[in-house]
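Here is the structure we will look at.
To find a chain, count down the sequence lines: A is the first, B the second, and so on, and within it residues start at 1.
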Amino acid sequence: MSPKSALKATSEPVLPETSLRPTLLLQWYDRHRRRLPWRAVPGEASDPYRVWLSEIMLQQTTVKAVGPYFEKFIARWPDVTALGRASLDDVLRMWAGLGYYSRARNLHTCAVAVTRDHGGVFPNTEEGLRALPGIGPYTAAAIAAIAFDRRTMPVDGNIERVVSRLFAVEEELPQAKPLIQQLAATLLAESRSGDSAQALMDLGASICTPKKPACSLCPLHEDCTARARGIQQSFPRKAPKKNGTLRRGAAFVATRGDELLVRSRAEKGLLGGMTEVPGSDWLAGQDDARARQQAPELKGLSRWQRKLGVVTHVFTHFPLELVVYTAKAQARTRAPEGMRWVPIATLADEALPNVMRKVIAHALGLSPAASS
DNA sequence: TAGGCGTGGTC
DNA sequence: TGACCAAGCCT
């Protein structure tokens with residue numbers, strides 16, 4: 001099953017495909033894994049207590065911040081029964097500075113419960129773990145996979161990002177969580193579930209970063225749908241904060257020698273009267289293929305070519321994402337009605353709004369001077 | 001289910 | 001320099 005068909009079949013189960021991805025991932029992990037205080041060294045069994053403690057501390061918290069706290073806790077309370085005997089006050093004092101203090105309360109309550117109700121032994125199933133305070137869906141799966149080698153894939157923010165790029169998941173978070181969960185599960189190796197999960201997390205933390213991902217170093221880059229389209233940084237899709245819904249469209253940059261095809265926008269409304277290159281309408285949830293169909297029709301024009309990447313712009317009330325197409329026109333090709341050819345050299349004299357400066361710069365491979 | 005919960009780092 | 005983000009959970 002191709003990634004694309006997996007996306008479309010959202011109502012049907014996505015079967016794990018036979019692919020090299022899990023193997024490539026583990027090979028990369030074996031060479032590049034981070035050495036972290038709570039991780040067992042290769043070949044050594046991991047300690048559920050250390051895994052649990054680290055996972056709680058790492059919730060919405062950076063590895064760097066957690067390090068010293070983890071060492072302090074382990075030194076003072078080397079196992080879960082020791083922590084279960086501690087006073088809440090002591091635990092809170094030790095936690096001070098890490099933030100999200102309900103985690104510390106739940107941590108203590110959980111240690112008491114494991115000590116009292118489970119004989120000091122952590123449950124070894126996702127379901128059993130999930131029932132403990134402070135352990136949600138992610139943490140239960142993470143402990144089950146890492147500490148007990150259960151075949152489950154925890155999905156955190158890192159893995160959401162990696163997976164949404166790998167499969168170019170267009171659905172927005174948080175609605176896309178079930179789909180991403182299914183797709184992420186296809187990256188589980190037959191064995192070494194915990195390593196598969198940690199490999200994805202390390203990948204997300206060091207290579208597939210939110211901004212400027214280092215795709216050339218990624219073991220999966222040949223296989224990455226978003227990368228192939230040059231739009232990896234736009235994933236994961238997320239519902240914009242409140243400042244309007246993302247709209248999408250296409251812009252068409254046609255050149256005739258050293259001239260550019262432009263038109264003027266309607267007098268009223270957004271960017272009223274400003275100059276623009278021809279484009280599709282801008283709609284929330286715009287479909288790329290649909291936008292593509294709105295290209296201007298000119299005789300003597302080469303095929304429209306899609307530029308890699310997208311142009312983004314934020315208006316007061318909505319963000320905009322434009323895909324850009326370019327084409328070359330033969331000499332003396334006539335401009336369609338309502339449009340005109342202008343010399344690229346005199347574009348500075350046109351009433352070009354910023355978003356159009358970005359589009360043209362992107363299309364022609366220029367630096368977007370006087371834009372931003 | 002959307003909001004609240006802490007802190008430090010990045011651009 | 002004000003968002004945005006970082007191994008989410010609880011209500």
Side-chain angles (χ1 to χ4, degrees), chain A residues 29 33-40 46 48 50-70 73 91-110 113 126 129-147 152-165 172-178 180-181 184 187 193-214 233-244 246 312-314 316 319 372:
Chain A
Y29 184 67
R33 69 161 75 190
R34 291 177 291 177
R35 300 174 167 282
L36 301 171
W38 44 87
R39 277 189 183 166
S46 57
R50 295 168 70 95
V51 174
W52 164 71
L53 179 59
S54 66
E55 289 298 340
I56 301 298
M57 288 183 166
L58 286 162
Q59 290 168 4
Q60 297 290 284
T61 309
T62 59
V63 164
K64 185 182 176 186
V66 165
Y69 284 86
F70 179 81
F73 269 71
V91 173
L92 286 173
R93 268 193 287 274
M94 198 73 101
W95 193 278
L98 245 199
Y100 284 132
Y101 297 100
S102 66
R103 288 186 300 172
R105 297 177 182 280
N106 287 144
L107 185 83
H108 183 251
T109 306
C110 182
E126 241 180 301
L129 289 160
R130 182 70 182 78
L132 292 166
I135 298 182
Y138 162 76
T139 305
I143 298 172
I146 297 169
T152 182
M153 180 62 87
V155 178
D156 71 338
N158 282 311
I159 297 181
E160 280 178 349
R161 186 171 58 255
V162 172
V163 169
S164 66
R165 287 173 176 171
E172 292 180 339
L173 287 171
Q175 293 83 355
K177 278 177 181 289
I180 290 176
Q181 174 73 59
L187 300 175
S193 291
D195 284 350
S196 296
Q198 293 179 97
L200 278 180
M201 292 187 218
D202 280 16
L203 197 60
S206 58
I207 306 285
C208 196
T209 49
K211 293 174 183 172
K212 299 186 177 178
Q233 236 173 259
S234 68
F235 294 95
R237 307 287 198 205
K238 289 183 184 177
K241 280 298 181 271
K242 178 218 170 177
N243 34 3
L246 174 69
T312 60
H313 188 77
V314 181
T316 318
S372 72

d(OH, A/Tyr69; P, B/dG6) in whole Å: 13 Å
Touch class at under 4.0 angstrom, heavy-atom based, for A/Pro137 against every strand present: sugar-phosphate
Sugar-phosphate, base or nothing in reach of A/Trp38, heavy atoms under 4.0 Å: base
Minimum-distance nucleotide (side-chain atoms of A/Asn106 versus C/dG8, C/dC10, C/dA6): C/dC10
C/dC9 phosphate, OP1 or OP2, under 4.0 Å from A/Ser102 side-chain N/O: no
Between C/dC4 and B/dG3 - P atom distance, rounded Å: 15 Å
A/Tyr138 vs A/Glu55, side chain to side chain donor-acceptor pair (under 3.5 Å): CA-CA, chis, key distance, verdict: CA-CA 9 Å; A/Tyr138 162 76; A/Glu55 289 298 340; 2.9 Å; yes
Side chain to side chain donor-acceptor pair (under 3.5 Å) partners of A/Thr61, counting only residues at least two apart: A/Arg103
Sugar-phosphate, base or nothing in reach of A/Ser54, heavy atoms under 4.0 Å: nothing
A/Tyr69: partners by ring pair (Phe, Tyr, Trp, His ring centres under 6.0 Å), with sequence neighbours left out: none
Which residues share a side chain to side chain donor-acceptor pair (under 3.5 Å) with A/Gln181, sequence neighbours left out: none
Nearest-Å distance for atom pair NZ/P, residues A/Lys177 and B/dT1: 13 Å
Atom P, compared across C/dC9 and B/dG8: separation rounded to whole Å: 22 Å
5'-most by nearest nucleotide on DNA chain B - A/Gln59 or A/Pro174: A/Pro174
Nearest-Å distance for atom pair CZ/P, residues A/Arg130 and C/dC9: 7 Å
Identify the pairs formed between an N or O of the protein and an N or O of nucleotides 7-11 of chain B at a distance under 3.5 Å, and give each distance.
from	atom 1	to	atom 2	distance (Å)
B/dT7	OP1	A/Tyr101	OH	3.4

Nearest-nucleotide comparison on DNA chain C, the residue closer to the 5′ end among A/Leu132 and A/Arg34: A/Arg34
Salt bridge (charged side-chain N to carboxylate O under 4.0 Å, His left out) involving A/Arg34 - partner list, sequence neighbours excluded: A/Asp202
Rounded interatomic separation in angstrom, taking CG from A/Leu36 and C1' from C/dA6: 14 Å
Among A/Thr209, A/Val162, A/Leu187, the one residue meeting side-chain contact (heavy atoms from CB on, under 4.5 Å) with A/Leu203: A/Val162
A/Arg103 CZ - C/dA6 P separation (whole Å): 15 Å
Interatomic distance, A/Asp156 CG vs C/dC5 C1' [rounded to whole Å]: 13 Å
Atom-pair distance (CZ on A/Phe235; P on C/dC4), nearest Å: 19 Å
Nucleotide C/dC9, atom P - distance to CG of A/Leu58 in whole Å: 12 Å
Partners passing side chain to side chain donor-acceptor pair (under 3.5 Å) against A/Arg35 (at least two apart in sequence or in another chain): none
